[in-house]
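The next block holds one structure in the form of C-alpha cells; read it before the comments.
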Amino acid sequence: MLESTNALIGALAAVIREMKRCQNELDSGLLAEQAEEDLGVFAEQLHEAYADLAAEYEARLSLHAGLLDVDALRRHFES
C-alpha cells in the first residue's frame, strides 16, 4: 500500500506542477487565441484529475501517519 501511496503522491505532484505551468502560460498573455483555448481545456482536465487524485489521497491519510494534508502537499509542489 505504501508503494501505491508513493505513486499517488508522484501523480499528484505531476498534476500540480502541470497545472501551475498551464496557469503561468495562460497568465502570460503570449498565446494565440486557439492555443489559449486548447490550453484552457487541458487545464480543466488537469483540475478534474487533481480532484480525483486528491480525493484518493485524502482517503489514505488515516492509513499513513505523517502524510501532509492535501493543501500542504499542493503548496509544497507548487513552490
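Positions are given from 1 along the sequence.
Listed by chain and number, the hydrophobic cluster partners of F77 are L8, I9, L12, V15, I16, M19, L26, L31, L39, F42, L46, Y50, L53, Y57, L61, L67, L68, V70, L73, where partners are ILVMFWY side chains within reach of under 4.5 Å, directly or through others.
Rounding to the nearest 0.5 Å places SG of C22 at 10.0 Å from CD of Q45. Rounded to the nearest 0.5 angstrom, H76 NE2 and D71 CG are separated by 14.5 Å. The CZ atom of R17 sits 8.5 Å away from the OG atom of S79 when rounded to the nearest 0.5 Å. Note that CZ of R60 is 4.5 Å distant from CD of E56, once rounded to the nearest 0.5 Å.
With respect to the salt-bridge test (charged N to carboxylate O, under 4.0 angstrom), the residues R21 and E18 qualify.
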